[in-house]
Amino acid sequence: AKELLSLKEVTERAIGDEVTFRSRIHHQRNVSKNLDFLLFRDQTHSIQGVLQHDTSHFVKWVQRLEPESLVQITGTLQQPPEPIRSATFTNFEVKVYSVHLINPARDLAFDNYDPPETTQHRLNNRILDLRHPSNQALFRIRSMITRVFRETLENDNFVEIQTPKLQPAATESGAEVFKVNYFGRRAFLAQSPQLAKQMTISADFGKVFEVGPVFRAENSNTKRHLAEYTGLDIEMAIAHDYHEVIAQVDKFLKAVFVALHKMPELQVVRERWPSEDLVWLDETLILTFPEGLQMLRDDGIDVEEEDLSTRNEIRLGELVKEKYHTDYYILDKFPANARPFYTHKDANDPKWTNSFDIFIRGQEICSGGQRIHNATELRENMRQAGMVEDGMEAYLEAFDLGAPPHGGAGLGLERILAWTLKLNDVRYATMYHRDPKSLPE
Ligand code: ATP
Ligand code: AMO
């Protein structure tokens, strides 16, 4: 049997070599009954093929093959007539002498050689869309991010955990929770691993992380919200200060930025979604919430101390970029009103909290902070937030056992991708997105 090469491996061969590869027919240009130019595409690369043959019925048969059909090609490598410019093209042309049809494709909703601009049509035909080089590159970048998350945390002795997605109570209070029928009782899909990851710290695991699904019944269509997304969560006992949590998340994100700018896939993604290199500082900028408010006020914006609207967050991102020359920064010390019940207050002024958000290009990608570890204080805070203890019994019992001081953070994987790469819509960053319109009626 002939050795089956990937087109990436083909790039390492030489002119005159015979090669065999499996690929999609990306495009055909039928020149005559004896001459056909083909474009072949596999996961990462494309190659131009020339089919010139005396037996015109063979050429005609190939010309009738649908785009996206899976074929096995044998041919010899030759110099391309023009220099190749695209990041995904091999440096050769292949003179084709054998075409074996492995599996034909049919009823294509669109042509990947010239895909439609409209998002919805592409998302509705996702498998075809995912075959496009831009998505092949994007999902390899996504895979890099989860790998770097695991690597940086495991290096620092974090333990990977998986917590239940069926929960007895809402994990982030809020209304956006999916209810499920749990053997006749009511349960909820986890809006975050928040309660379980904190309980694991009371169980003395010290430092933990999770990569898992997060469910939010966000009944609106925005470019930032999914009904199911992938959460990257950490939780850790802290020695002195919750800035130990910031340092961990910062280490991970910087490792991602460095790895990303080394990946050839970045250029491929940019052919579809143009973006400039992300700019970040060696020493990450940490602004306090009041400092952020002041920057907005100096810009003539009338903002309250309660919280920031998305619009003001984006404006603040622009102001930070102008003043500090960074696309990546941390906003620390959020007001208590804007944060969930488990958030630890600032020891000097309970109006503020030991909690932060992280922004990329003005968009929130992470929330985190120190948690209340004192059981009495936690119950009191829940009461003040108008919460009932129903369904929270196991969580509260974990605190009666004396939890260590701790903090953590949660990042949205799709948001990291969407804003770092300027996809401008989180739906592109997940393979099979869930939003209010996703499932059949
Ligand atoms: P997170 O839930 O992670 O905090 P978020 O972006 O939903 O992220 P919120 O604090 O809930 O942040 O809201 C910030 C702003 O986003 C709000 O001021 C609101 O204007 C807007 N917003 C939040 N949720 C929605 C939504 N489902 N649809 C439209 N706008 C929203
Ligand atoms: P929060 O609710 O801010 O915090 O969520 C954490 C991060 O998750 C992402 N995110 C989303 N991504 C896509 N679609 C959504 N609907 C969506 N909602 C949120 C954002 C956000 O920053 N338990 C806390 C985290 C913690 O303190 O550890 C929490 O869930 O990137």
Side-chain angles (χ1 to χ4, degrees), residues 146-174 177 182 187-216 228-252 339-344 353-356 358 366-379 381-382 385 387 389-413:
T146 49
R147 178 166 40 80
V148 168
F149 188 64
R150 290 198 163 94
E151 280 171 4
T152 50
L153 292 166
E154 273 173 2
N155 273 342
D156 286 333
N157 298 316
F158 277 70
V159 180
E160 178 163 5
I161 58 169
Q162 290 81 28
T163 60
K165 301 308 150 198
L166 288 164
Q167 287 288 342
T171 57
E172 296 293 325
S173 31
V177 53
Y182 189 78
F188 304 92
L189 291 182
Q191 291 161 299
S192 68
Q194 184 63 35
L195 309 186
K197 67 179 182 171
Q198 284 191 262
M199 290 160 78
T200 311
I201 298 304
S202 191
D204 284 347
F205 281 86
K207 301 195 262 186
V208 298
F209 73 93
E210 176 165 1
V211 179
V214 176
F215 301 94
R216 305 238 171 144
E228 177 175 351
Y229 69 90
T230 300
L232 305 179
D233 273 82
I234 71 168
E235 199 67 22
M236 58 193 272
I238 56 185
H240 307 288
D241 190 78
Y242 70 102
H243 279 220
E244 292 157 34
V245 177
I246 293 187
Q248 285 293 342
V249 180
D250 185 55
K251 191 195 277 190
F252 154 61
R339 301 307 262 199
F341 72 94
Y342 49 76
T343 312
H344 201 290
T353 61
N354 288 349
S355 77
F356 60 89
I358 303 184
C366 172
S367 293
Q370 186 177 352
R371 329 296 191 183
I372 299 170
H373 58 272
N374 177 293
T376 313
E377 212 181 302
L378 192 56
R379 284 195 173 84
N381 228 38
M382 280 177 62
M387 293 170 64
E389 292 190 13
D390 275 9
M392 300 289 278
E393 296 84 356
Y395 176 69
L396 290 167
E397 277 163 22
F399 288 86
D400 290 329
L401 293 173
H406 64 290
L411 302 101
L413 177 56

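By convention here, the first residue in the shown sequence is residue 1.
For Glu377, there are no salt bridge (charged side-chain N to carboxylate O under 4.0 Å, His left out) partners two or more places apart in sequence or in a different chain. Scored by the salt bridge (charged side-chain N to carboxylate O under 4.0 Å, His left out) test, Lys207 finds no partners at all (sequence neighbours excluded). Judged as a salt bridge (charged side-chain N to carboxylate O under 4.0 Å, His left out), and not counting sequence neighbours, the contacts of Glu210 are Lys165. Scanning for side chain to side chain contact (heavy atoms under 4.5 Å, CB included) contacts around Thr200 gives Ile161, Phe205, Val208, with sequence neighbours left out. Partners of Glu389 under the side chain to side chain contact (heavy atoms under 4.5 Å, CB included) rule, at least two apart in sequence or in another chain, are Arg379, Met382, Leu396. Residues meeting the side chain to side chain contact (heavy atoms under 4.5 Å, CB included) test with Arg150, sequence neighbours left out: Thr146, Glu160, Phe209, Val211.
Separating the CG atom in Asp250 from the NE2 atom in His243 is a distance of 11.5 Å, to the nearest 0.5 Å. Taking CD of Gln370 as the start and OG1 of Thr343 as the end, the distance is 10.0 Å to the nearest 0.5 Å. Here the CG atom belonging to Asp233 is positioned 3.5 Å from the NZ atom belonging to Lys197, to the nearest 0.5 angstrom.
The two residues Ala169 and Met392 make their nearest non-hydrogen contact at CB-SD, 3.8 Å. Residues Ala196 and Gln167 share a closest heavy-atom pair of CB-NE2, 4.4 Å. The two residues Gln198 and Ile372 make their nearest non-hydrogen contact at NE2-O, 4.3 Å. The two residues Leu195 and Ala170 make their nearest non-hydrogen contact at CD1-O, 4.2 Å. Between Gly407 and Val245, the closest heavy-atom pair is C-CG2, 3.7 Å. The two residues Glu228 and Pro213 make their nearest non-hydrogen contact at OE2-CB, 3.7 Å.
Between the side chain of Glu244 and the backbone N or O of Asp241 there is at least one donor-acceptor pair closer than 3.5 Å.
Contact check for Asn374 versus Phe399: no side-chain heavy atoms found under the 4.5 Å cut-off. Under the 4.5 Å side-chain criterion, counting only non-hydrogen atoms from C-beta, His373 is not in contact with Ser202. Taking the side chain as every heavy atom from C-beta outward, Glu393 and Pro168 never approach each other to under 4.5 Å. The shortest distance between side-chain heavy atoms of Leu378 and Phe341 falls below 4.5 Å. Within the 4.5 Å cutoff, side-chain heavy atoms of Lys251 are placed close to those of Asp156. Counting heavy atoms from C-beta outward, Ser355 and Tyr242 have side chains that stay 4.5 Å or more apart.
Residues Gln194 and Thr171 have side chains that never bring a donor and an acceptor to within less than 3.5 angstrom of each other.
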Exercise for review: Take Leu166 and Leu189 through the side chain to side chain contact (heavy atoms under 4.5 Å, CB included) test and state the conclusion after the steps.
Suggested key: CA-CA 5 Å; Leu166 288 164; Leu189 291 182; 4.2 Å; yes
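Phe149 and Phe252 have perpendicular rings, their planes meeting at more than 60° on a 0 to 90° scale where under 30° would count as parallel.
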